[in-house]
Amino acid sequence: MRYQAIVDGAGHELEIEELSPTNFRVKLGDSSFEVDLRKTHGRSYLAMVGDRAFDFSVSADGEELVIASRRGANRVTLIDQSRRRLKTLGERVITGRVELKAMMPGRVVNVLVKPGDEVTADQGVLVVEAMKMENELKAPKAGKVIEVRVSAGQAVEKGEILAVIE
């Protein structure tokens, strides 16, 4: 999965490839490394990179993640390819039927709407956990929820349609 990572206001290209449920290949700018990532409890994690260990916690503050470690805290915003495309649309109005799809394999943590609900643009629709992180999928436009094809706890595959908004 590719992201634009904004760390304390500075932009970085970030690519994450899941090698196994706890192992990832991470490319940040020109650096590439493998990470063994383990959730220790709550929102705390342990990352092993080579022979070095890093413990940290992650919490959400709006659209930002606050990553706190012994060295301090950093504010991180991750912008995936679909959000980049939406941002480049600028003021262009999105019309018609919109399908919300899984960007990668994961598990549905929470369904925030039901068929028939009216939603506003950027309103949370679903929460999906992938690569040990919870991601809230938001409505790209205001409209009516026509279908919700998943339920909490369900495993999903990349590209699977999760909900439909008209």
Side-chain angles (χ1 to χ4, degrees), residues 1-90 92 94 98-110 112 121-141 150 152-163:
M1 187 79 185
R2 290 184 180 186
Y3 297 94
Q4 172 73 26
I6 311 298
V7 181
D8 293 329
H12 306 277
E13 291 297 318
L14 172 66
E15 187 172 340
I16 302 171
E17 177 186 357
E18 184 174 0
L19 304 174
S20 75
T22 60
N23 291 299
F24 303 90
R25 180 172 295 119
V26 177
K27 185 175 180 186
L28 182 61
D30 293 331
S31 301
S32 183
F33 43 91
E34 287 191 20
V35 178
D36 181 4
L37 182 65
R38 308 288 172 129
K39 188 173 190 175
T40 54
H41 66 276
R43 296 177 181 207
S44 297
Y45 297 86
L46 175 66
M48 297 290 297
V49 180
D51 61 352
R52 298 186 65 191
F54 303 90
D55 59 325
F56 59 94
S57 65
V58 179
S59 60
D61 183 13
E63 289 195 3
E64 289 185 315
L65 298 173
V66 179
I67 300 175
S69 69
R70 295 176 193 181
R71 293 185 175 200
N74 296 91
R75 293 187 160 281
V76 178
T77 302
L78 295 177
I79 302 171
D80 64 18
Q81 292 172 343
S82 63
R83 277 183 64 192
R84 278 191 207 178
R85 283 192 297 269
L86 286 175
K87 282 187 170 216
T88 61
L89 292 175
R92 192 172 121 189
I94 299 172
V98 176
E99 297 174 337
L100 292 178
K101 296 181 180 181
M103 297 303 291
M104 65 180 67
R107 181 182 58 85
V108 177
V109 175
N110 198 1
L112 306 172
D122 293 327
Q123 178 180 335
V125 175
L126 299 155
V127 179
V128 177
E129 179 184 52
M131 297 189 322
K132 308 275 189 218
M133 293 186 66
E134 290 185 1
N135 300 294
E136 185 177 60
L137 288 131
K138 297 183 179 188
K141 67 173 206 142
V150 294
Q154 181 178 336
V156 296
E157 294 299 322
K158 179 180 179 178
E160 184 174 340
I161 298 171
L162 310 176

Kindly list each side-chain donor-acceptor pair under 3.5 angstrom involving residues 122-133, sequence neighbours excluded, with atom names and distances?
unit_1	atom_1	unit_2	atom_2	d
Q123	OE1	T120	N	3.0
E129	OE1	R107	NH2	2.9

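- In this structure, L19 and F24 approach most closely via the heavy-atom pair CD1-C, 4.1 Å.
- Of all heavy-atom pairs between G11 and Q4, the closest is CA-NE2, 3.3 Å.
- Of the inter-residue distances, the one linking M1 atom CE with L78 atom CG reads 9.5 Å to the nearest 0.5 angstrom.
- The minimum heavy-atom distance between K158 and M103, with the atom names listed, is CG-O, 3.5 Å.
- Summarising the geometry, atom CZ belonging to F54 is positioned 9.0 Å from atom CE belonging to M48; distances are rounded to the nearest 0.5 Å.
- In this view, Y45 and F56 satisfy the ring-ring contact (aromatic ring centres under 6.0 Å, His included) rule, not counting sequence neighbours.
- Pairing each heavy atom of E160 with each of A155, the nearest pair is OE1-O, 4.3 Å.
- Nearest heavy-atom pair, K101 versus E99, reported as atom, atom and distance to 0.1 Å: CE-OE1, 3.5 Å.
- Atom NZ of K138 has more than 12 neighbouring heavy atoms from other residues, nucleotides or ligands inside a 6.0 Å radius.
- Atom OG of residue S31 and atom NE2 of residue H12 lie 11.0 Å apart, to the nearest 0.5 angstrom.
- E15 is linked by a salt bridge (Lys or Arg N to Asp or Glu O under 4.0 Å) to R2, counting only residues two or more places apart in sequence or in another chain.
- The side chain to side chain contact (heavy atoms under 4.5 Å, CB included) check on D55 picks up L46, R70, with sequence neighbours excluded.
- Checked options V58, T77, N74; the residue passing with L65 is V58 (criterion: side chain to side chain contact (heavy atoms under 4.5 Å, CB included)).
- Taking E18 as the reference, nothing meets the salt bridge (Lys or Arg N to Asp or Glu O under 4.0 Å) condition, with sequence neighbours excluded.
- One finds the CG atom of L14 at 11.5 Å from the CD1 atom of I79 (value rounded to the nearest 0.5 Å).
- Partners of D51 according to the salt bridge (Lys or Arg N to Asp or Glu O under 4.0 Å) rule, which considers only residues two or more places apart in sequence or in another chain, do not exist here.
- Rounding to the nearest 0.5 angstrom, the gap separating the CG atom in D36 from the CG atom in N23 is 4.5 Å.
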